[in-house]
There are 2 protein chains.
Amino acid sequence: MKVRLLLVDDHPIVRSGMRMLFQAEPDLEIVGEADGGAEAIVAVQRLHPDVVIMDVAMPGVNGIEATRRIKELAPETAVLALTMHEDEQYFFEMLKAGASGYIPKRAAPDDLVAAVRVVAQGNVFLYATLARFLMKDVGEPGAGEQSGAEAAGDAGADDLLTAREREVLACIADGMTSREIAEKLVISVKTVERHRENIMAKLDIHNRVELVKYAMRKGIIVG
Amino acid sequence: MKVRLLLVDDHPIVRSGMRMLFQAEPDLEIVGEADGGAEAIVAVQRLHPDVVIMDVAMPGVNGIEATRRIKELAPETAVLALTMHEDEQYFFEMLKAGASGYIPKRAAPDDLVAAVRVVAQGNVFLYATLARFLMKDVGEPGAGEQSGAEAAGDAGADDLLTAREREVLACIADGMTSREIAEKLVISVKTVERHRENIMAKLDIHNRVELVKYAMRKGIIVG
DNA sequence: CCTGTCATCGGGCGCTCACCCCATTTCCGG
DNA sequence: CCGGAAATGGGGTGAGCGCCCGATGACAGG
């Protein structure tokens, strides 16, 4: 199955060059062209291409806005941003709009062909120099939300440990000292230590660090 | 000029499979293999490969830490992360460590070959399902980008720790005592304790259990 | 009834941990 | 050239840890 391409650029010469380039690739097929963002949106609805090669800077509806609309109307269509501007702001705007790839016009033709094949598979292609923007920014992602909600109360699944032992283990793996656990459970420090000894003996574990990792594997605590 | 590859995976069968795969590609050449992070770092310095295919979860020095060290020692070497875990946390940690690509082991072989060619050119390849994490994150950079307020007691940044400190932390989180770490790193026990004190002070952490959980969140160890 | 498990407590011993104090060497950037 | 960071060491102290020794009561099952 050939990859169906839609070329979007306001410069006919650029489109012509890409036509030449892709005609040499038997697995790639150009099914349409557009010279502006508005035309591109219409063409996508009519042609349903696999990949849209989208110029970023165009008069009228620009590539960023066109990409946003295309991803709304046809999310399965991949958009590969092609640009003269190696600008950080444009780069992020295109990614936010839904582009799967970003490549400058100064890139080697082979890079463009490779990029098309990558995004056609649903993957992401970012050109080297642009990717640096990403590396710099990824530094502090927005602290993803892990969904716990396993009602970890008790209900023993592990018959090695007793319910009380698992309760103590959860406290240990939470970073509490024996004294703190004793206060929380309203028992003696020695009893807490006794439980810990029994846990370690049963599991053949000899320090708290390994207890933490065991508790995480067993889901006794969430990491 | 062939692309020179270094395979890093602790499972010989996985390496064998990749060897078969790449032998069919005339432009790709495997120049070495390593079965762990520490061995990978040494191999990179000796072989100077173009691309390192790096397993993420490995015993000992894991793929994230190994990538960090490799990018320090040989920034021109591209690292392609290969993983069984399609986990958001690992994904971002590998990108921050300097990986140029991220692809799961369940991906099609052709995708892996394509990814190698992409990163060998200095570009970035991200597999479809993983790339969603990025899209989701890039969408709201403004929301999570409040700098400052670090005195609130929260451990925020990640290059807080030096390379040596991360090395010691990995050992601590692996369950080793100060004595064992000292023997492994061939330094004094007091020096190990000194590093630990500095780590704890920087992170505002006061016991080993919390250090383990920090190391897991940051991908310094893989639980 | 008697044996086992579970949970509860006590003392002690050797070691490590966590947190202070201090110093030297190397190396890099202003 | 000088200052700071990094890595390397040493000493000391109080508390917690890991692991032995013991004990008592409750409770369930063969």
Side-chain angles (χ1 to χ4, degrees), chain A residues 153-215 220-221, chain B residues 38 41 61 65 68-69 71-73 75 150 153 155 157-215 218 220-221:
Chain A
D154 284 308
D158 197 79
D159 26 349
L160 261 179
L161 301 182
T162 67
R164 194 59 159 175
E165 285 167 350
R166 257 180 280 113
E167 194 173 1
V168 172
L169 173 56
C171 291
I172 292 174
D174 211 56
M176 301 169 69
T177 67
S178 297
R179 162 167 291 277
E180 292 169 333
I181 299 170
E183 289 171 3
K184 174 174 179 179
L185 301 183
V186 201
I187 53 179
S188 163
V189 174
K190 289 306 282 186
T191 303
V192 174
E193 292 179 344
R194 195 67 173 135
H195 283 308
R196 173 168 47 78
E197 287 180 34
N198 288 335
I199 294 167
M200 286 179 166
K202 284 180 180 177
L203 302 178
D204 192 27
I205 283 176
H206 308 280
N207 61 70
R208 296 169 101 79
V209 168
E210 294 297 334
L211 278 184
V212 175
K213 296 199 278 189
Y214 174 86
I220 294 173
I221 64 167
Chain B
I41 295 167
V61 177
E65 187 61 24
R68 191 147 34 214
R69 298 292 301 278
K71 295 304 286 187
E72 286 175 5
L73 297 169
E150 307 195 338
D158 52 296
D159 32 348
L160 269 178
L161 302 183
T162 67
R164 195 58 160 172
E165 285 167 349
R166 276 194 302 270
E167 194 173 1
V168 171
L169 174 55
C171 292
I172 291 173
D174 212 56
M176 301 170 70
T177 67
S178 298
R179 164 169 290 277
E180 291 169 333
I181 298 170
E183 289 172 2
K184 174 174 179 178
L185 301 183
V186 199
I187 55 179
S188 162
V189 174
K190 291 304 287 185
T191 303
V192 174
E193 293 178 343
R194 195 61 178 142
H195 283 308
R196 174 169 46 79
E197 287 180 33
N198 288 334
I199 294 167
M200 286 179 166
K202 285 180 179 178
L203 302 178
D204 192 29
I205 285 177
H206 308 281
N207 61 69
R208 296 169 102 79
V209 168
E210 294 296 334
L211 278 184
V212 175
K213 296 199 279 189
Y214 174 87
K218 291 300 179 181
I220 295 174
I221 66 166

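Chain identifiers are assigned alphabetically (A, B, ...) following the order of the sequence lines, protein sequences preceding nucleic acid strands; residue numbering begins at 1 within each chain.
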Set out, in order, the CA-CA distance, both residues' side-chain angles and the distance that settles side chain to side chain contact (heavy atoms under 4.5 Å, CB included) for B/M200 and B/E197, then state yes or no. CA-CA 5 Å; B/M200 286 179 166; B/E197 287 180 33; 5.9 Å; no
Any side-chain N or O of [X] under 4.0 Å from OP1/OP2 of [N]?
X: B/T162; N: D/dA6; value: no
X: B/T191; N: D/dG9; value: yes
X: B/H195; N: D/dA6; value: no

Looking for any heavy atom pair under 4.0 Å, which part of the strands does [X] touch: base, sugar-phosphate only, or nothing?
X: B/R196; result: base
X: A/T177; result: sugar-phosphate
X: B/N207; result: sugar-phosphate

Among D/dA6, C/dC20, C/dA18, find the nucleotide with the atom closest to the side chain of B/K202.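 The answer is D/dA6.
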To the side chain of A/R164, which of C/dC6, C/dT8, C/dC19 is closest?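 Closest nucleotide among those given: C/dT8.
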Quick one: which protein N/O atoms are closer than 3.5 Å to N/O atoms of nucleotides 22-30 of chain C? Pair and distance per line, please.
| unit_1 | atom_1 | unit_2 | atom_2 | d |
| --- | --- | --- | --- | --- |
| C/dC22 | N4 | B/R194 | NH2 | 3.2 |

Check against side chain to side chain contact (heavy atoms under 4.5 Å, CB included), A/V192 and A/R179: CA-CA 8 Å; A/V192 174; A/R179 162 167 291 277; over 6 Å; no
Is any side-chain N or O of A/K190 under 3.5 Å from a base N or O of D/dG22, one able to act as donor and the other as acceptor?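 Between D/dG22 and A/K190, which were checked side chain against base, a qualifying N/O pair under 3.5 Å is absent.
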Between B/R69 and B/E65, is the closest basic N to carboxylate O distance under 4.0 Å?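 No, this pair does not count.
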